Amino acid sequence: MKIYFLIIILFTFKLTTANTKNFTIDMFFINDKMDELTFPDGSRYSNVKNRGTWQDSFGDFGTLNCLFNFSSDNNNKNLNLIGFCDGKNQSGEKLWLKFERNTEDFDAGLGRSSITHGTGKYKSLIGIKCIYAVNILEESAFSKHKCK
């Protein structure tokens with residue numbers, strides 16, 4: 001009986017470890033509010049408040065509240081972005097993410113994200129690093145995060 005119990009524990013641990021190694025999360029954002037400063041040379045600085053939804057590789061889904069700050073040059077290029085989101089899944093477990101992106105193009109690009117805080121199952125993912133791709137269309141954005 002003890003051997004069966006040990007095998008079950010090891011199998012469960014292996015499944016949990018495998019899931020965290022291949023963790024993905026898809027996010028969809030809608031802009032709630034955007035404040036922007038435009039400088040005489042056409043460059044700009046913006047603060048954006050977003051809300052959104054997400055789904056992850058655990059099969060969970062939830063809501064997001066986010067704040068992003070970014071600057072870009074006069075051609076809407078050379079984007080520097082930093083942002084933070086807090087998300088809650090259908091079971092009330094929470095995660096907080098940090099986003100960073102330095103890219104040539106505003107409308108699409110690659111960046112880095114990380115999970116900075118979490119509750120429930122997301123607590124074990126604190127510190128995990130992700131690469132994300134984002135596409136922006138009008139007031140909406142879609143991003144896919146692959147984490148290791």
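These values consider heavy atoms only, across backbone and side chains, with no hydrogens, waters or symmetry-generated copies. What you see is a predicted model; the values in this text were computed from it and never measured.
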> Ring centres of Phe23 and Phe58 under 6.0 Å apart?
yes

> Could you list the residues that satisfy side-chain contact (heavy atoms from CB on, under 4.5 Å) with Ser140, not counting sequence neighbours?
Phe28, Ile30

> If you look at every heavy atom in Tyr132 and Ser143, which pair is closest and at what distance?
CD1-CB, 4.2 Å

> To the nearest 0.5 Å, how far apart are CG in Asn80 and OH in Tyr45?
11.0 Å

> So how far is it from His145 NE2 to Phe99 CZ, rounded to the nearest 0.5 Å?
4.0 Å

> Report the residues that fulfil side chain to side chain donor-acceptor pair (under 3.5 Å) with Lys121, sequence neighbours left out, ordered by chain and then residue number.
Asp60

> Can you tell me how far apart CG (Asn102) and OG (Ser71) are? Round to the nearest 0.5 Å.
8.5 Å

> Going from CZ on Phe68 to CD1 on Ile82, what distance comes out if it is rounded to the nearest 0.5 angstrom?
10.5 Å

> Listed by chain and number, what are the salt bridge (Lys or Arg N to Asp or Glu O under 4.0 Å) partners of Arg112, not counting sequence neighbours?
none

> What is the minimum heavy-atom distance between Thr63 and Trp54, and which atoms define it?
O-NE1, 3.1 Å

> Can you tell me how far the CG atom of Asp32 sits from the CZ atom of Arg51, to the nearest 0.5 Å?
4.5 Å

> Is the CZ atom of Phe39 crowded by more than 12 outside heavy atoms at less than 6.0 Å?
yes

> How would you list, by chain and number, every residue that makes a salt bridge (Lys or Arg N to Asp or Glu O under 4.0 Å) with Lys94, sequence neighbours excluded?
Asp86

> Roughly how far, to the nearest 0.5 Å, is CD1 of Ile25 from OG of Ser113?
8.5 Å

> What closest approach, in Å, do Val48 and Met34 show between heavy atoms, and which atom pair accounts for it?
CG2-CG, 3.7 Å

> List in chain and number order the residues that pass salt bridge (Lys or Arg N to Asp or Glu O under 4.0 Å) with Asp41, two or more places apart in sequence or in another chain; answer none if no residue qualifies.
none

> Other than Leu110, which residues form its hydrophobic cluster under the rule that side-chain heavy atoms must be closer than 4.5 Å?
none

> If you take all heavy atoms of Cys85 and Leu64, which pair is closest and at what distance?
CB-CD2, 4.2 Å

> Going by the rule salt bridge (Lys or Arg N to Asp or Glu O under 4.0 Å), which residues pair with Glu36 if we only count those two or more places apart in sequence or in a different chain?
Arg44

> Test of understanding: with side-chain contact (heavy atoms from CB on, under 4.5 Å), list the residues that count as partners of Ser114, not counting sequence neighbours.
Lys98, Thr116, Lys129

> Could I get the full list of side-chain contact (heavy atoms from CB on, under 4.5 Å) partners for Asn47, not counting sequence neighbours?
Asn69

> Please say whether more than 12 non-hydrogen atoms of neighbouring residues, nucleotides or ligands are located less than 6.0 Å from CD in Glu138.
no

> According to side chain to side chain donor-acceptor pair (under 3.5 Å), who are the partners of Glu139, at least two apart in sequence or on a separate chain?
Asn31

> Using side chain to side chain donor-acceptor pair (under 3.5 Å) as the criterion, list what pairs up with Lys144, not counting sequence neighbours.
Asp26

> Quick check: Phe84 with His117 (ring centres under 6.0 Å apart)?
no

> Listed by chain and number, what are the side chain to side chain donor-acceptor pair (under 3.5 Å) partners of Asn65, not counting sequence neighbours?
none

> Looking only at heavy atoms, what is the nearest atom pair of Ala141 and Val134, with distance?
CB-CG2, 4.3 Å

> Closest heavy-atom contact between Phe29 and Cys66?
CE2-SG, 3.5 Å

